[in-house]
Amino acid sequence: MRYRAEKLVVAHMVVAFLSLGIAAVLGAWQMTVRSGLNPPFASPETYFASVTAHGTIMAYVMPTLFAMGFGYFAAVTSLARPLPSMRLAWAGFWLAAIGIVVAVAPIASGKASVLYTFYPPLIGHFFYYLGVLLIVVGSWAWVALMIWAMAQWKRENPGEPVPLVMFATVANAYLWLWTTLGVGVEVIFQLIPSSLGWTQTIDVGLARTLFAWTLHPIVYFWLLPAYIALYTIAPRVAGGRLYSDMMARISFVLLILFSLPVGMHHLFMDPEHGTTFKFLQAMLTGIVVLPTLLTVFTISASMEIAGRLRGGKGLFGWIAALPWDRPMVLASGLSFFLLGFGGFGGVVNMAYGMNAMVHNTSWVTAHFHLIFGGSVVIMYYAIAYEIWPVLLGRQHFDSRLLRAQLWLWAVGVVITTFPWHILGLLGQPRRVATFDYTNPAIADWQPWTIVSTIGGFMMLAAALLFLWNLASLHFAPKVQNLQMNYAVAVYPPRRLPNALNGFGLWNAVTAFMMLVAFGYPIAQFYLMDVHPALTHRVDIGN
Amino acid sequence: MSTDQDTAQQDARREDRLWRRWVFAAIGSFVLASLLLGTVVLPLRANPQLDPWSAICTALGISSTSAPRGSFKRGAVASDVIWNATTRLAISKGDPVRGYAIVKDNCSACHGDKGISTDPQQFPNLAGQPEAAIFKQLKDFKSGSRASDIMGPVAQALTDQQIEDVSAYFSAQTPFAETGTSVSPGAFELVHLGNPSIALPPCVACHNSVGGGPEGAPTLTGQSAWYLEDQLKKFASGERHNDKFARMRVIAKDLTAEQMHELAQHYGGTSPP
């Protein structure tokens, strides 16, 4: 790898993966608390502090740093030119790194136990919000660099199609920029003034609406690196070709469009909005099946090409012929399998009627752990296994431990989240520290929570094994001239319409949709009588 | 050569125009169809008696037909007490010693010297109630938000400082020790789990000893059962309406007379000897 970006990429990924390890330990401990097994240090105070740390790391730290590192990697390897400004890239990294320390300190001292969603009127310590804000601002440096890098490349190569991996990475950068606007406004104008004691009341409805703006697309921001790997790395590793480059581009732009104006499906049960915009956003949520099905089709077709090239015959013979011993192929298969289950759970959540039955139950937490762990993080592992050798110039020649790690994680996700879904259907509420399982009304929950906890420890073991696998690569034999190559399409694009080679049109459409979907719901707080709530400062205990 | 480039640029521009037009047409019509469905078609199907205009307003949440049930006027103020920093500061300045001087002459005949009711069939226990709870009720009696022939004149005679002092005194007293006489399973479930199928929250969500509920929520344990049942009925009928956001009116409406009785028995103490 050239162009001096190795250290930058490794720095981002190391922070991402170390924090993942910490969050995995906390997660397993939390499962034991909820299961009534009374582990050491268990109390509601430590539990909620731990959940806040776990959520903050897994939502704001790990995927953000990973996406940044992977984005820098994709930019220098696919554009074959240095980043526009290494100084800005490092500034973004250090801003985020400082943000992590600033945010974690108040969480660890129990002064910011507001969970990663930090719904007001709960207000935590000022430093917590400042830290989260710094992480976001640091990531904006990455957004700027990705957009800048693509613009420079296009100027130097007029009329040429931007490499798919870069196009998709910039799609994710724009998506992230749009995403962070909601929570950014909430943190700067509502939460920070409250946390400093400047305001005693807060408009909870407005805050929840702004957070909903962020809460759904952020999930797609986490998911997109996984999709990028599925489109641009997995077909190459499997020994095939990408079925359609254009279909991939259409999927990525549709994912920007239909992941943004949909966040209100998190507010179906909230009273501050009428049914109109809830319904509209439910419809827009539903249409996200379009890019998802395009993806399922394209990736399956690409894999089929690989399978048939390897001699697979018959309707399904190509599946068996795939090189499942390669971590990227294995992870793609597992990720696809679990995405199916997670997707169906998601359809329940986005359905206006069914949502009411699972609202605020463990179903919801189970759903996002299944999707995030089973479909997203497993691909992060595979991406790391793919690019770490390129970064270090060293390679494992035995992938058994890598495959064992992926299997352990996937099975762990299933054992953790499937019983968790069932608990949700039984009515177990989320965001509760301890349950009295001696109460006959809920005694039958405990066996499920214990099974779920076993799965949680499997996931912890897999996360630690992942760190070990990466660490051991530093002692693996050196290999000369390791290159990163991306999948080639069956028909590599020679010329593309501007719409599929840039984002002007799609940003305009997104702006239009956000105006329609969130314009009135936000404006109404300035048009109607509002009833602000008193803030509850958890850091000073009032 | 230059004409070739011009043609290519023109082609690209035409292509851009086509993309713009079709993308906006496709997405715009999807959004429009969703809005029509969500604002007119589905609300009309749910409420056939509505005209299309009211259907739109209802779906937007700005019409009177979508107001929560309850016998209160939308926008009417339930109580003048605002839980801001000034109010909190005022409450914290209450002095129980000064409070006792007022209680002795104005309250003790009914509520007892130490806040234990002299006649639980008529008067509530006040001992050990949160300061904010007593403060809010006295302020509401004074402003008329809560109507009472007895308490109205009493509260009107008190200054704000005296109200703070009385609240401080009563909240410092030992609460009535004897707890509920009934442990009906129905009441137990309502207290601890509520009834999710009709969106009824559990009592302990607000009325508990660890806080986190709305400011000014009273303690129920050890309160007179007669008083509790009476108040639930008054909330249900709307006769009492000084609960912010109509919280208790909405809840009480969903309770049956029998449930009100069981809940009152669950929380209420028997009369002291």
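Chain letters run A, B, ... following the sequence lines, proteins first, then strands; residues in each count from 1.
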What part of [X] gets closer than 4.5 Å to chain A, counting heavy atoms only: side chain, backbone, both or neither?
X: V31(B); result: both
X: E189(B); result: neither
X: L42(B); result: side chain

Identify which part of [X] has an atom lying under 4.5 Å from any heavy atom of chain B, answering side chain, backbone, both or neither.
X: L527(A); result: neither
X: V516(A); result: side chain
X: M269(A); result: neither
X: Y352(A); result: neither

Salt bridge D270(A)-K278(A), side-chain N to carboxylate O under 4.0 Å: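 Salt bridge absent between D270(A) and K278(A).
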Electrostatic pair D245(A):R249(A) at N-O distance under 4.0 angstrom: yes
d(Y119(A) OH, R431(A) CZ) to nearest 0.5 Å is 6.0 Å
Residues which pass side chain to side chain donor-acceptor pair (under 3.5 Å) with Q259(B), listed by chain and number, not counting sequence neighbours: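 With sequence neighbours excluded, Q259(B) shows a side chain to side chain donor-acceptor pair (under 3.5 Å) to T256(B), given in chain and number order.
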What residue in L257(A), L500(A), L122(A) has the most heavy-atom pairs under 4.5 Å with chain B?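 Winner by heavy-atom pair count: L500(A).
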Picking from Q524(A), H273(A), R495(A), which has the most non-hydrogen pairs under 4.5 angstrom with chain B?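 That would be R495(A).
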With no hydrogens and no angle check, do the side chains of [X] and [Y] hold a donor and an acceptor under 3.5 Å apart?
X: T219(B); Y: T221(B); result: no
X: Q161(B); Y: D165(B); result: yes
X: N507(A); Y: T510(A); result: no

With a 4.5 Å heavy-atom cut-off (strictly below), which parts of residues 130-139 of chain B touch chain A? List them by number. none
Relative to each other, are the rings of H265(A) and F268(A) parallel, tilted or perpendicular (30° and 60° limits)?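 H265(A) and F268(A): perpendicular rings.
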Taking the inter-plane angle between the rings of H216(A) and H266(A) on a 0 to 90° scale, is it parallel (under 30°), tilted (30 to 60°) or perpendicular (over 60°)?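 It falls in the tilted class, 30° to 60°.
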Please report the C-alpha distance between Y520(A) and F277(A) in whole Å, then the side-chain angles of each, then the deciding distance to 0.1 Å, and finally whether the ring-ring contact (aromatic ring centres under 6.0 Å, His included) criterion is met. CA-CA 9 Å; Y520(A) 177 77; F277(A) 289 96; 5.7 Å; yes
